[in-house]
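Below, chains carry the letters A, B, ... as their sequence lines are ordered, and counting in each starts from 1. Values in this document were obtained by computation on a predicted structure and should not be read as measured data.
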2 protein chains.
Amino acid sequence: MTHTPTEENYIKEIYHLQLVHGEVTTNSLATAMKTRPASVTDMLKKLRSKRVVHYQRYKGFSLTASGTRTALSIVRKHRLWEYFLVNKLGFDWHKVHEVAEELEHVKCEELVTRLDEYLGKPAFDPHGDPIPNHKGQLKKIRQEPISSFLPKQTGMVQSVKNQSPEILYLLLHFGIGIGSKLKVIRKFDFDGSIEIKIDKQPPFILSYQVAQNIFCTK
Amino acid sequence: MTHTPTEENYIKEIYHLQLVHGEVTTNSLATAMKTRPASVTDMLKKLRSKRVVHYQRYKGFSLTASGTRTALSIVRKHRLWEYFLVNKLGFDWHKVHEVAEELEHVKCEELVTRLDEYLGKPAFDPHGDPIPNHKGQLKKIRQEPISSFLPKQTGMVQSVKNQSPEILYLLLHFGIGIGSKLKVIRKFDFDGSIEIKIDKQPPFILSYQVAQNIFCTK
DNA sequence: AAATAAATTTAGACAAACCTAAAAAATAAT
DNA sequence: ATTATTTTTTAGGTTTGTCTAAATTTATTT
């Protein structure tokens, strides 16, 4: 079963919303897709007819098993391309999402297989998100936001939750990337901001909003 | 000015037909695009309104200067991706055209620049066709079909004119690729076929149809 | 120069993905 | 348990790129 790029974008977004919020609604999907609820309803009927979603009018919807597999294959392509753009072409990590949004729709199984091989079958993309393998399996890491760490604890950055270019650009500015080792110096209860130290750099302060998005292992 | 993938495909095809046959007509473009003359007329009006073509009804059409620049930038992307697929990912040369047809429509100037750098600014694609540089300039090589060579002459393969997967697959089978050194042993006047020798390989015979498509330098 | 043939264009329709406005169903509040 | 609010869906319309069938213009024959 093949899908149009638009269908693929819907499928991917349903997958993400299910993963992050546990559920999807017509409205939330419309917001995420920057479209209108009426358009979402149209697409849901189309996706149901293609057996991508379970859907009953007024009763909600969710990905079928096969729809989930499709979603994972799109996510896989997206993240492999992000890895390529950053690690082979030298792109800054906050610029790759947009380009990968286009590359992920290129239809060629052999391309994915060869790209994966060429990159050394990476398990995580440049933002620390897991790349599904060819069977759709994801590596998982136990990670917590740096905002939940206590003073004197050290964490290694594994991923960034919010992936807007804005936050990624901010982190680039602070010299924070995947693999950075962050030591919590102290926390300010007033606004939840945290003082952080990276080896050989002067300490700096992260706002609570930012700290919540930096996921680390201990 | 941005274009839809469909518009880009028309622009590229007009460029190719102009280059190869010296002119384009509504019918020839319709055939090349696998669509109907009526659809071509519709698109010509659209491309005229975008200043891509000069066009007067019933009087023919041709690319404007800016349309030609656009065409060259699409050709550039197509050929850079072909080079990437063959030389980095290890694709067989007869399989890359189709994939490059999709990749060429990805919109990101930085991607083209970085890809070009990463590949070492190649001047020719895997089929020997010149890759326009960032200014749209092409390297030219004086080359003739091996069918016009005389017995005992030797040529180095520079490009293949017809690029259908079928002929490329056939050449792969004979061990002929860009850079191969071919020595003409003899020519059969009856059907124009040619006996060819490649170092350390037994001689073999190429049909006139095939030999016409293999362009070599002396 | 008229008749015929070929090429091109117009007219009117269709499918995909979107829209607005109105109706229907589900949920929440009184 | 009504009423009010929110969510979702339907109805009908738009744009892009396509189509067929018919009309028009240009090119070729006789």
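- To the nearest angstrom, C1' of C/dT10 lies 17 Å from CE of B/Met43.
- Under 4.0 angstrom from either OP1 or OP2 of D/dC19 there lies at least one side-chain N or O belonging to B/Ser39.
- In the set D/dT26, C/dA11, C/dC18, the nucleotide with an atom closest to the side chain of B/Lys59 is D/dT26.
- Donor-acceptor pairing under 3.5 Å is lacking for the side chains of A/Ser73 and A/Thr70.
- Applying the 3.5 Å distance criterion, the base of D/dT24 shares a donor-acceptor pair with the side chain of B/Tyr58.
- The nucleotide whose nearest atom lies closest to any side-chain atom of A/Thr26 is, among D/dT8, D/dT18, C/dT8, D/dT8.
- For the pair B/Lys45 and C/dT9, the criterion of a side-chain N or O lying under 4.0 Å from OP1 or OP2 is not met.
- At the heavy-atom level, A/Phe61 lies nowhere under 4.0 Å from the strands shown.
- Checking A/Thr25 against A/Asn27 by side-chain atom types alone, no donor-acceptor pair falls below 3.5 Å.
- A/Tyr55 has no side-chain polar atom (N or O) that falls below the 4.0 Å cut-off from OP1 or OP2 of D/dT8.
- Ring planes of A/Trp81 and B/Trp81: perpendicular class, angle over 60° (limits at 30 and 60°).
- The side chain of B/Thr6 places no N or O atom within less than 4.0 Å of a non-bridging phosphate oxygen (OP1 or OP2) of D/dT16.
- Distance from the side chain of A/Asn27 is smallest to D/dT7 among C/dC18, D/dT7, D/dT18.
- Ion pairing of B/Glu102 with A/Lys107 is absent here, as no side-chain N (NZ or NE/NH1/NH2) approaches a carboxylate O to less than 4.0 Å.
- The side chain of B/Asp42 sits closest to D/dC19 out of C/dC18, D/dC19, C/dT20.
- A straight line from CG of B/Leu44 to P of C/dT9 spans 7 Å, rounded to a whole angstrom.
- The residue A/Thr41 sits close to a base: some heavy atom pair falls under 4.0 Å.
- Close to D/dT20, at under 4.0 Å from its OP1 or OP2, lies a side-chain N or O of B/Arg36.
- Nearest-nucleotide positions on DNA chain C for A/Arg57 and A/Thr4 put A/Thr4 closer to the 5' end.
- The closest side-chain donor-acceptor pair between A/Gln212 and A/Ser147, if any, does not fall under 3.5 angstrom.
- Protein atom CD of A/Gln56 is 20 Å distant from nucleotide atom P of C/dA24, rounded to whole Å.
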